[in-house]
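These notes are about the structure you will find just below.
Residue indices begin at 1 and follow the sequence shown. Every heavy atom of this structure was used, including side-chain atoms; hydrogens, water molecules and symmetry mates were not.
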Amino acid sequence: MTYLFISDLHLSPEHPRLVRGFLDLLIHYQDRNTQLYIMGDWFNAWIGDDYSAPWLDEIVAALIIFHQAGNQVYFQAGNRDFAVGAEFLKQFAGTLLPDVYELNIAGVHYRIEHGDALCTDDIAYQRFKKIIRNPLLIAILKRTPLSFRQRLANGFRQKSHDQKQQKSYDIMDVNDAAVHQALQYPDILIHGHTHRPQIHHTYDKTRIVLGDWREKEGCAMILEVHENGQYEFIEWTIH
């Protein structure tokens with residue numbers, strides 16, 4: 001069995017190369033009894049499970065084939081696609097995971113999460129996250145027209161982009177104390193979000209930061225864990 005961890009794909013119709021890279025990934029791991037963990041920001045934005053489009057239909061069709069081959073798909077919400085729900089995932093028997101999930105592979109205790117909750121120095125973002133991910137607000141938004149949700153998502157993306165230009169990289173990175181707290185019990189912490197792929201050894205533990213999918217460079221850093229506990233940090237080529 002292969003455990004595959006990916007994050008920050010930011011798929012959208014505006015970036016067909018990234019979509020193709022994900023479809024190629026599914027084909028590559030289709031016959032390897034794979035448990036695929038998609039750890040947030042799978043999509044550049046998600047306006048609701050009632051959204052459909054040809055590019056998304058192609059992804060769903062590929063995921064159905066991937067599942068029928070004996071593989072499993074697990075999804076954790078990111079800051080861009082927290083509205084992805086069970087209605088979308090059930091099309092390919094996908095499983096929605098909580099924001100923090102722990103698993104044991106060959107006696108090694110892993111903790112996985114998107115990573116934005118570790119960036120506690122970014123106070124403005126953490127406040128915004130509390131508001132936008134309020135279940136009541138999400139329920140209300142689901143009742144609004146798709147066109148309205150699309151405009152709202154576009155506005156959020158632009159606002160996020162503008163704010164990032166004004167913030168230092170240190171503020172947008174993880175907080176050491178938050179990482180220390182997260183690593184109290186697990187042996188290995190895996191997360192994405194920061195777009196700074198690297199393996200860190202700290203507090204006698206390991207923190208693996210997954211990479212974002214980079215269209216211009218045509219690559220992404222992903223993590224493959226084997227059932228014997230060995231892992232590989234792999235540069236996935238996006239053609």
Of all pairs that satisfy side chain to side chain donor-acceptor pair (under 3.5 Å), the ones with a partner from residues 230-239, not counting sequence neighbours: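 Every pair satisfying side chain to side chain donor-acceptor pair (under 3.5 Å) with a residue in residues 230-239: His226-Glu232.
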Any donor-acceptor pair under 3.5 Å linking the side chain of [X] with the backbone of [Y]?
X: Thr34; Y: Tyr29; result: yes
X: Lys205; Y: Leu183; result: yes
X: Glu102; Y: Arg111; result: no
X: Asp187; Y: His109; result: yes
X: Asp81; Y: Gly78; result: yes
X: Asn71; Y: Phe66; result: yes
X: Arg80; Y: His10; result: no

Candidate pair Tyr74 and Ile38, rule side-chain contact (heavy atoms from CB on, under 4.5 Å), full reasoning: CA-CA 6 Å; Tyr74 301 90; Ile38 306 172; over 6 Å; no
Just wondering, do [Y] and [X] contact through their side chains at under 4.5 Å, heavy atoms?
X: Ile105; Y: Tyr3; answer: yes
X: Val108; Y: Ile188; answer: yes
X: Asp116; Y: Lys129; answer: yes
X: Ile59; Y: Leu63; answer: yes
X: Pro197; Y: Val209; answer: no
X: Asp8; Y: Leu210; answer: no
X: Ile123; Y: Asp121; answer: no
X: Glu113; Y: Tyr101; answer: no

Path from Leu97 to Ile6 over hydrophobic side-chain contacts below 4.5 Å: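 Each belongs to a different hydrophobic cluster.
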ILVMFWY cluster, Phe75 and Trp55 together (side-chain gap under 4.5 Å):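 As far as the 4.5 Å side-chain criterion goes, Trp55 and Phe75 are connected within one cluster.
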Between [X] and [Y], do the side chains contain an N or O donor and an N or O acceptor separated by less than 3.5 Å?
X: His193; Y: Asn79; answer: yes
X: His191; Y: Arg207; answer: yes
X: Tyr37; Y: Gln35; answer: yes
X: Tyr51; Y: Gln150; answer: no

Non-neighbouring partners of Asp41 that pass side chain to side chain donor-acceptor pair (under 3.5 Å), sequence neighbours left out: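 Asp41 satisfies side chain to side chain donor-acceptor pair (under 3.5 Å) with no other residue.
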Salt-bridge contact Glu58-Arg20 (side-chain N to carboxylate O under 4.0 Å):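 Result for this pair is yes, salt bridge flagged.
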N-O pairing of Arg149 and Asp50 below 4.0 Å: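 Asp50 and Arg149: salt-bridged.
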side-chain contact (heavy atoms from CB on, under 4.5 Å) between Leu96 and Phe88, worked out: CA-CA 10 Å; Leu96 181 63; Phe88 173 72; over 6 Å; no
I need the [X] [atom1] to [Y] [atom2] distance, nearest 0.5 Å.
X: Ser7; Y: Trp213; atom1: OG; atom2: CH2; result: 10.5 Å
X: Arg32; Y: Thr2; atom1: CZ; atom2: OG1; result: 4.5 Å
X: His114; Y: Thr194; atom1: NE2; atom2: OG1; result: 9.0 Å

Pair Thr95-Leu89, side-chain contact (heavy atoms from CB on, under 4.5 Å): steps then yes or no: CA-CA 7 Å; Thr95 300; Leu89 296 172; over 6 Å; no
Aromatic ring pairing Trp46/Phe43, orientation class (parallel under 30°, perpendicular over 60°, tilted between):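 The arrangement is tilted - the two ring planes meet at 30° to 60°.
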Other residues, nucleotides, ligands: >12 heavy atoms within 6.0 Å of Gln126 CD: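 Check passes, neighbour count above 12.
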CA sep, side-chain torsions, deciding dist, call: Leu23, Val19, side-chain contact (heavy atoms from CB on, under 4.5 Å): CA-CA 6 Å; Leu23 297 176; Val19 173; 4.2 Å; yes
Intermediate values then yes/no, ring pair (Phe, Tyr, Trp, His ring centres under 6.0 Å), His67 and Phe92: CA-CA 6 Å; His67 172 68; Phe92 44 87; 8.4 Å; no
